[in-house]
> 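Below is one structure. I have some questions about it.
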Amino acid sequence: MAKSKKGRIKKRTASAAKVPVESLEAKAFAELANGRFRRAREAFKQLVKQEGDRFLPGLIQANAGLAAEMIGRGKLSEAEQVFAYLKTIAPPETLAVLEIPLALAGEEWGKVTRLAAAALDAGQADAAAGSVLLSDALVLAGNVPAAVPGEDQAQDWRDDLRRILESLRSVSEGLLQETGELLRPIGRLSVFAEWKIFVRGLVAFHGGDQERAKAFLEILGDQTIPGKASRAYLDLLNASNWKELSEARLQGCGEVLGLSEGEAEALAASERAWRAGDPVSAYKKFYHSGGESFFSGEPWKTSVSEFFATALEVLEPDLKTKYIDFMYRMVVAAKHRIPAEARLAALVMTVCEPDERVWRIFIRAYQEEFGKYPKLESKVWEAVGTEYAEVVTEGFFQRSHRMRDPEGALEAFLRAVDLDATNLEANLKLADLYEYANDKSARNKLLDRMTVQFPHDKRILLLAGNLCIERKSFTKGMNLLGKARELDPLDRTILAALIGGLSKAAAHFYRTGKHNQARDAVKKAEVLADASDRAETGRAFLQVRVGIWEELYGEAATGREKQAQAISGAPNPFAMRFYAGALAFLYGNKKATKLHSEEILKQARREATVALCLDIWRLFHDHLLPEGPDTFVWNQVTGWIAKCIRGAQNQSFTRDELIHFGYAVGPYIPYTREVLNLITHALKKDPADPGLRLLDGILRDTILDYPHVVNDLMDEAKDRQDWDTISRLENLRSSGGRGYSSIFDDDDDDDEEDWAYDEEKDGYEDDVGGGMKGLDSNLGDIAKMTDQEFAAFRRNVEGAMEKAILDDIRRSAKEMPRGRVDPSPEPKKKNVKKNVKKTVPKPPEPPETDSAEQLNLFDL
Amino acid sequence: MNPYIVLDILPTATDAEIRAAYLEGIKKNSPEAAGEKFQAISEAYLKIRDEESRIALILTNRTPPGESPLGAAVAAMTFHGHQPLSFEQLQDYLRKCTKK
């Protein structure tokens, strides 16, 4: 054995002898500098053998580096072997420092403290124990070693260590101010100075002072433990850099937020995938690692789940498609693993495909996860019903309305009400649906029940109140409306309903000879009326109405005086006089009041200009007669307005007035012919006017089929710099031939209830709603209908005015130019009505009159 | 931002508990001193103040709580300030840094 050893030594010595010391030395230091410690160690060993102690520090350094490398790789036993060798060559006073990394790796904190303290006491404050400073090792060990008696300097660093450890504990407990106090005595030259800065950074971070936190944490060196620890805090503060961060750095963010290693890892992987533009992987990396426990629980998990459920909002369109496809597979092909996943995916899908199938899956998943929740299910069915009840717009001027699936809507709303009778919205929507289906009986029963069930909801009180007035149950109706007003005294719709109700009551009492009751109702209405120019609530309009009633049924002289006062005091006497004439026709004996009306008409035709005609038209179309005009009166008024428009040809008018008037009134069929006459009249003066030709072509429906006409008009409009016409033509082009609605004027009036034909606002649908549906039905079909079919169709159209318009359409159908109205399939209303009758909820108890005072006020 | 997290209550909280948390929240965060937080607390309360609102939130919430998964987590964990790690967690984290 000895021989063999000798032989080897001899061989190596001989080999070393061949290499000059200078080149071996250069090689040894180069290997050391490059971190190739094993090679450096071998080179230094040979140098030590040749030159002795001169190269011993190099050999120690190479071994220490090798030991650190082994520790870094987790090869602790090999590191221990290296350290055992180190013990044989290193001076005893350096051994402590060299052994610290091994103790740290083995988590022998007591030993770390003892070794680091010994090194510091030996004055090796600047010595690095592998990659860790002595001060860092002491803080990580977390213990303050026993004091060395009589050595003040040794006592100083012990005090600073104690303060750092206490401050770390203090900041962990949220005692931020106290932490600052603890740190104050630590000087700049202390070996723990970096730790002081780190803890001050933490104090600022947790105190919400981001700038200060950054200022402290950014100045720490990269190689110290405080510096390395700061990185994650800084990353959290710089959210804009997250895209560039490695997964390890992102994981660090999770760790300082207090997540477990697994949680931080999953979140970091998910974040990385998300930032790389792969939302599906982001989802999988998060949930497939955490499973069910990641869907809810701690707030951050709830928040991340909420994020994935709403992620469509922040995704780019192409990624959105990818994400939806993934969610679709989970929902429809049941690829989900747990109910929570199905619930989340269904919620995502309801954004893009809110159909019954998806909602059913949602309900099932929710039930499996949390149990049955009827109120929630009721809201889901309400949402399903709302989808089915959506009114799609189509046809000429986009004015034809058709409900998507009335039967589906009815089934869904009934189910919603069945699951939760207190679901107010579902009840209201059900009432609307009955209204749409023209099933007044079911609607009335439902509203009666709702007034009992929801006595403090103004919408229901308003609906039910109006319904009672319609049924001539004035006292009950006014009571309900009075209660609604008590709930919201500023609501103008309720005010209008109250004045309208009192007006209807007054008219009824005047007609039936109950003059005292009628005047009592008028007095009450006068108290409520205001100075506005709105027909529903304006005092002047009320005065005209009362004047007509008095003239026809009470004291004629007083009535005429009231009318004269109201007309002369009105901002637009011409229109107000027209209103009075219409009312006379509405309330009076038609023959008896004919003369009165004819007088009005004669005067109106003499005075009418295009601008005044627009005023009249607005008055009658913006503000319906409060009692709801019957067909006969409405036909009469429509005829009067048409005659006035004809009369306006004899008065002077400007081109702009005509354009404005034409776009507002022209599309309205009873007046189209008269407006076209006005345009023809104007075109005689300037036959090439592109604006008038465009309007003419639109009203005759001869534009959309001929794109070259549009191009020609555009060229001519540009030549004339006719910006209004250019703008309308551009809108017409951009509408892609879908219709003319895009080029009609927006009304300047901000009135929400304005539903002029030239308006494309939502208010139109809200206000007119089902009332106008069916009016734009195929003109040809209407012409072809038998009288019986037309009567059935007409019954399904709401509102007397609309019925009157329908009559006009019927009359004009065969005469009008082609393509006037687009086809519009009618919903299956009969079936709905039939089903409704079968499924109406039980009749309610009569509503309670909870206010005797209220009853007296409106007791008519 | 999830209203339960903003008000620091459980999803099972009753109307009264939600209102109490809201009142406490706006008391601590006046509009003058913490305008954004005050607004967030008020909005959160409106979203869950009664059962109907809470159901609507479940069914119709379309607002992501952050721009990314980490953003959502951070938003939830930092609305009430960055909560410090416990001493043990902090010590573990610092010790892990020796390997970084």
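By convention in this document, chain letters (A, B, ...) are assigned in the order of the sequence lines, proteins followed by strands, and residues within each chain are numbered from 1. Scope of the values below: all heavy atoms of this structure, side chains included, with no hydrogens, waters or symmetry mates.
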> Please rank V139(A), T302(A), V256(A) by heavy-atom pairs under 4.5 Å with chain B and give me the top one.
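Most heavy-atom pairs under 4.5 Å with chain B: V256(A).
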> Name the region of I58(B), side chain, backbone, both or neither, that has any atom closer than 4.5 Å to a heavy atom of chain A.
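Both parts, heavy atoms under 4.5 Å.
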> State the NZ-CZ distance between K379(A) and R54(B), to the nearest 0.5 angstrom.
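Taking NZ in K379(A) and CZ in R54(B), the distance rounds to 13.5 Å.
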> When you look at CD of Q39(B), are more than 12 heavy atoms from neighbouring residues, nucleotides or ligands closer to it than 6.0 Å?
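No.
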> Below 4.5 Å, heavy atoms only, C-beta onward: do L70(B) and W274(A) meet side chain to side chain?
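In short, these two side chains do not touch, never coming nearer than 4.5 Å.
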> Is chain B contacted by the side chain of A232(A), its backbone, both, or neither, given a heavy-atom distance below 4.5 Å?
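For A232(A), backbone and side chain are both near chain B.
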> For A229(A), which atoms come within 4.5 Å of any heavy atom of chain B: side chain, backbone, both, or neither?
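Both parts, backbone and side chain.
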> Chain B heavy atoms under 4.5 Å from L202(A): which part of the residue, side chain, backbone, both or neither?
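L202(A) touches chain B through side-chain heavy atoms alone.
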> Taking C-beta and beyond as the side chain, do V74(B) and S303(A) meet within less than 4.5 Å on heavy atoms?
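Heavy-atom side-chain distance check fails, nothing below 4.5 Å.
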> Please identify, among P65(B), P11(B), A76(B), the residue contributing the most non-hydrogen atom pairs under 4.5 Å to chain A.
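Ranked by heavy-atom pairs under 4.5 Å with chain A, first place is P65(B).
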> Is the closest side-chain heavy-atom distance between L236(A) and T78(B) below 4.5 Å?
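Answer no - side chains too far apart.
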> Is it the backbone or the side chain of S68(B) that comes under 4.5 Å from a heavy atom of chain A, or both, or neither?
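For S68(B), backbone and side chain are both near chain A.
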> Looking at W359(A), Y283(A), F205(A), which has the largest count of heavy-atom pairs under 4.5 Å with chain B?
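Among W359(A), Y283(A), F205(A), the one with the most close pairs to chain B is F205(A).
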> For Q89(B), is it the side chain, the backbone, both, or neither that has a heavy atom closer than 4.5 Å to a heavy atom of chain A?
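The side chain, not the backbone.
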> With respect to chain A, which residue among S86(B), P69(B), A72(B) yields the maximal number of heavy-atom pairs within a distance under 4.5 Å?
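When all of S86(B), P69(B), A72(B) are compared, P69(B) has the most.
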> Checking heavy atoms, do the side chain of T63(B), its backbone, both or neither come under 4.5 Å from chain A?
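For T63(B), the contact with chain A is made by the backbone alone.
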> Under 4.5 Å heavy-atom distance to chain B, tell me which part of L259(A) shows up: side chain, backbone, both or neither.
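For L259(A), side-chain heavy atoms alone lie under 4.5 Å from chain B.
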> Can you measure from CD (E306(A)) to CG (N2(B)) and round to the nearest 0.5 angstrom?
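Nearest 0.5 Å value for the CD-CG distance: 4.5 Å.
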> Heavy-atom count around E313(A) CD within 6.0 Å, excluding the residue itself: above 12?
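Atom CD in E313(A) is packed in, count exceeds 12.
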> Any idea which heavy atoms bring L267(A) and A73(B) closest together, and the distance?
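Residues L267(A) and A73(B), closest heavy atoms: CD2-CB, 3.7 Å.
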> With the side chain counted from C-beta on, respond yes when R62(B) and T350(A) share a heavy-atom pair under 4.5 Å apart, and no when they do not.
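The answer is yes, as the side chains (C-beta and beyond) meet within the 4.5 Å cut-off.
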> Side chain from CB out, backbone as N, CA, C, O: work out which of these in I5(B) comes under 4.5 Å of a heavy atom of chain A, or both, or neither.
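The answer is the side chain of I5(B).
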> Measure the spacing between NZ of K96(B) and NZ of K228(A) and express it to the nearest 0.5 Å.
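Rounded to the nearest 0.5 Å, the NZ-NZ separation comes out at 15.0 Å.
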> For the atom pair CZ (F87(B)) and CD (E166(A)), what is the distance rounded to the nearest 0.5 Å?
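F87(B) atom CZ to E166(A) atom CD measures 10.0 Å (nearest 0.5 Å).
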> Taking side chain as everything from C-beta outward and backbone as N, CA, C, O, which of these in R343(A) sits under 4.5 Å from a heavy atom of chain B? Side chain, backbone, both or neither.
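Looking at R343(A), nothing touches chain B.
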> Among V314(A), V171(A), V351(A), single out the residue with the greatest number of heavy-atom pairs under 4.5 Å to chain B.
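Sorted descending by pairs with chain B, the first entry is V351(A).
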> Side-chain contact, heavy-atom cut-off 4.5 Å: L59(B) with Y366(A)?
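In short, these two side chains do not touch, never coming nearer than 4.5 Å.
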> Heavy-atom pairs under 4.5 Å with chain A - which of A75(B), G71(B), C97(B), A56(B) has more of them than the others?
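The residue among A75(B), G71(B), C97(B), A56(B) with the greatest pair count is C97(B).
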> Using 0.5 Å steps for rounding, measure from the CD atom of E67(B) to the NZ atom of K243(A).
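The NZ atom of K243(A) is 11.0 Å from CD of E67(B), to the nearest 0.5 Å.
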> When heavy-atom pairs shorter than 4.5 Å are enumerated against chain B, which of E298(A), E173(A), H206(A) gives the highest number?
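Most heavy-atom pairs within the cutoff with chain B belong to H206(A).
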> Given heavy-atom pairs under 4.5 angstrom as the criterion, report whether the side chain, backbone, both or neither of V348(A) touches chain B.
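Neither part.
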> What distance do D420(A) atom CG and I55(B) atom CD1 have between them, rounded to the nearest 0.5 Å?
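Rounded to the nearest 0.5 Å, the CG-CD1 separation comes out at 7.5 Å.
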> In sequence, state the C-alpha distance, the side-chain angles, and the governing distance for W109(A) and R95(B), and then conclude on side chain to side chain contact (heavy atoms under 4.5 Å, CB included).
CA-CA 11 Å; W109(A) 303 115; R95(B) 286 173 177 172; 3.3 Å; yes
> So for E52(B), is it side chain, backbone, both, or neither that comes closer than 4.5 Å to the heavy atoms of chain A?
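Side chain only.
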